[in-house]
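Note on naming: letters A, B, ... go to the chains in the order of the sequence lines (proteins, then strands), and numbering restarts at 1 for each one. In this text, all values refer to a predicted model and were calculated from it rather than measured experimentally.
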Number of protein chains: 2
Amino acid sequence: MPTTDKASSRDRLLGAAARLTYRDGVGVGIEALCREAGVSKRSMYQLFDGKDAMLAASLEQRIPRYEALLAHPEAEHATPRERILHVFEQMTKAAADADYRGCPYLAVLVELKDPEHPASVVARGVKERLTETFRAEAERGGAQDPHLLARQLVLVFDGASARAGAQVEHLDDGLATTTVTALLDAAGME
Amino acid sequence: MPTTDKASSRDRLLGAAARLTYRDGVGVGIEALCREAGVSKRSMYQLFDGKDAMLAASLEQRIPRYEALLAHPEAEHATPRERILHVFEQMTKAAADADYRGCPYLAVLVELKDPEHPASVVARGVKERLTETFRAEAERGGAQDPHLLARQLVLVFDGASARAGAQVEHLDDGLATTTVTALLDAAGME
DNA sequence: CGATGGGGAAACCGATCGGTGTAATCACGT
DNA sequence: ACGTGATTACACCGATCGGTTTCCCCATCG
């Protein structure tokens, strides 16, 4: 087994793509990606169909990490409200980092401006799954209109992450959680 | 006076920059911008210091139009609540257009990822002024914490515009205004 | 009329884009 | 030791990037 087999080349490419794209946007060059990953351009084109496909795969691979970060660590004993608030507490913590650039999936959707792009499809999936998670919690928590509340929460999620990532807002005073609490209360969630 | 004097060349460049940047992102080429504007590249470099400066100027020029669109038409007789809601009603109407890509100022902030970029500075100014407008209305309306409410409203504004622009959400059922109403009520605004 | 000067078209600059072709090199199995 | 297949570095492709320069036309003015 070589020191760098096919799987690890793939992983390093996906990691580099995630890192550089998040920092510099989807406009980063293939050359830079391969340099960062330590993989030749030739190999990258054998592993992926092209830049678009690699970007999509990169976003896809990060999904478990991303969703695990937002999931409540003690899911069993936590109430729906606690689980929803946990999502925004995690975002608030992440936004304190100077390198925070907001939700990478929203950023890709905004930057690509093309809903048909493979990466946009992946990103939209993440957003839809987050909405569904919120909806399920809202329902468990007895909200009057769980789907509406879920969509409201995602509105706040994306607004807060975009603004914090663009450095136009700082969430460290609990802006996001405060806003969410108001919405949860208004929706009649226990 | 020639059919195309210096001022009209400037205007057509700014218009083309606003249009193409909004549709395709800040990555559009100078060549395409000049072609769309019907102005030679040489003239554009005499009118502006470069692409960054023209982009910033383009965003700057659109500000009056943008803010007029969000301002309540009968500002005198409208209540603070009506004026705030009007902003979100206008966004909802704009989002119904298939060509809607969200707030251009937020998009630029997200795409550039550089708060120091001249265009980012302009965009941030727009966002800060919107926040201040909300804050003033919130204060007039007797909100408990006008500044907090204003920041919450901009969260919803940017979240809704980004999501509608990226085609992940549609606002035509009043999602934005419903959310805002809940926040206004929670803040104790009359 | 001829001189002058500003602006347009287009060539040009080096750099980079996404993507490919090639030849040498590498680790490996036999 | 040899063959093999994967990976590498690197040249190359046409296109485009932001930006500059050249040339030429045409409008203005004396």
Side-chain angles (χ1 to χ4, degrees), chain A residues 1-59 108 111-114 116-120 122, chain B residues 1-59 108 111-114 116-120 122:
Chain A
M1 180 173 89
T3 58
T4 63
D5 62 356
K6 187 172 286 197
S8 90
S9 285
R10 225 186 97 95
D11 283 354
R12 277 182 295 120
L13 277 169
L14 293 178
R19 228 173 308 125
L20 292 192
T21 296
Y22 185 62
R23 198 187 61 188
D24 303 331
V26 298
V28 284
I30 295 252
E31 216 101 31
L33 287 182
C34 293
R35 202 182 319 126
E36 169 93 0
V39 176
S40 74
K41 209 165 27 155
R42 211 73 191 79
S43 300
M44 114 105 225
Y45 276 103
Q46 275 167 239
L47 290 164
F48 301 98
D49 286 343
K51 190 192 180 184
D52 294 355
M54 182 178 59
L55 177 56
S58 164
L59 291 181
V108 158
E111 288 176 45
L112 291 178
K113 298 179 191 301
D114 173 15
E116 308 303 322
H117 191 292
S120 293
V122 174
Chain B
M1 181 173 91
T3 57
T4 62
D5 62 357
K6 188 173 285 196
S8 89
S9 285
R10 225 187 98 95
D11 283 354
R12 275 181 296 121
L13 277 168
L14 293 177
R19 227 172 308 126
L20 292 192
T21 296
Y22 186 61
R23 197 188 61 191
D24 304 329
V26 298
V28 283
I30 294 255
E31 217 101 33
L33 287 182
C34 292
R35 202 182 318 125
E36 169 92 359
V39 175
S40 74
K41 218 180 351 172
R42 187 173 199 275
S43 300
M44 115 103 218
Y45 275 104
Q46 276 169 233
L47 289 164
F48 301 98
D49 285 343
K51 190 193 181 184
D52 294 356
M54 182 176 59
L55 177 56
S58 164
L59 291 181
V108 158
E111 289 175 45
L112 290 177
K113 298 179 189 300
D114 172 15
E116 308 302 323
H117 191 291
S120 294
V122 174

(message) Tell me the interatomic distance from B:L33, atom CG, to D:dT16, atom C1', rounded to whole angstroms.
(response)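 Atom CG in B:L33 sits about 14 Å away from atom C1' in D:dT16.
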(message) Please report the distance, rounded to the nearest Å, between CG in B:L47 and C1' in D:dG19.
(response)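 Between C1' of D:dG19 and CG of B:L47: 15 Å.
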(request) Taking only Lys NZ, Arg NE, NH1 and NH2, and the carboxylate oxygens of Asp or Glu, determine whether A:K113 and B:E111 approach each other closer than 4.0 Å. (result)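 Salt bridge between A:K113 and B:E111, a charged N being under 4.0 Å from a carboxylate O: yes.
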(message) Under 4.0 Å from OP1 or OP2 of C:dG7: is there any side-chain N or O of B:Q46 that close?
(response)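 Answer yes for this pair, as a side-chain N or O of B:Q46 is under 4.0 Å from OP1 or OP2.
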(request) Indicate yes or no for a side-chain donor-acceptor contact from B:K51 to the backbone of B:G29 under 3.5 Å, with no hydrogens or angles considered. (result)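 Side chain of B:K51 to backbone of B:G29, a donor-acceptor pair under 3.5 Å: no, none is there.
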(message) For a quick check, with a 4.0 angstrom heavy-atom cut-off, what is the B/S/- contact string for nucleotides 17-22 of chain C, read 5' to 3'?
(response) SSBBBB
(message) Do A:V108 and A:Y22 have side chains that approach each other closer than 4.5 Å (heavy atoms only, starting at C-beta)?
(response)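 Counting from C-beta outward, A:V108 and A:Y22 never come under 4.5 Å.
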(message) Quick check: closest heavy atoms across B:S120 and B:L112, and the distance to 0.1 Å?
(response)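 What the structure gives for the nearest pair is OG-CD1, 3.5 Å.
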(request) Report the C-alpha distance between B:R42 and B:Q46 in whole Å, list the side-chain angles of each, state the deciding distance to 0.1 Å, and finish with yes or no for side chain to side chain donor-acceptor pair (under 3.5 Å). (result) CA-CA 6 Å; B:R42 187 173 199 275; B:Q46 276 169 233; 3.0 Å; yes
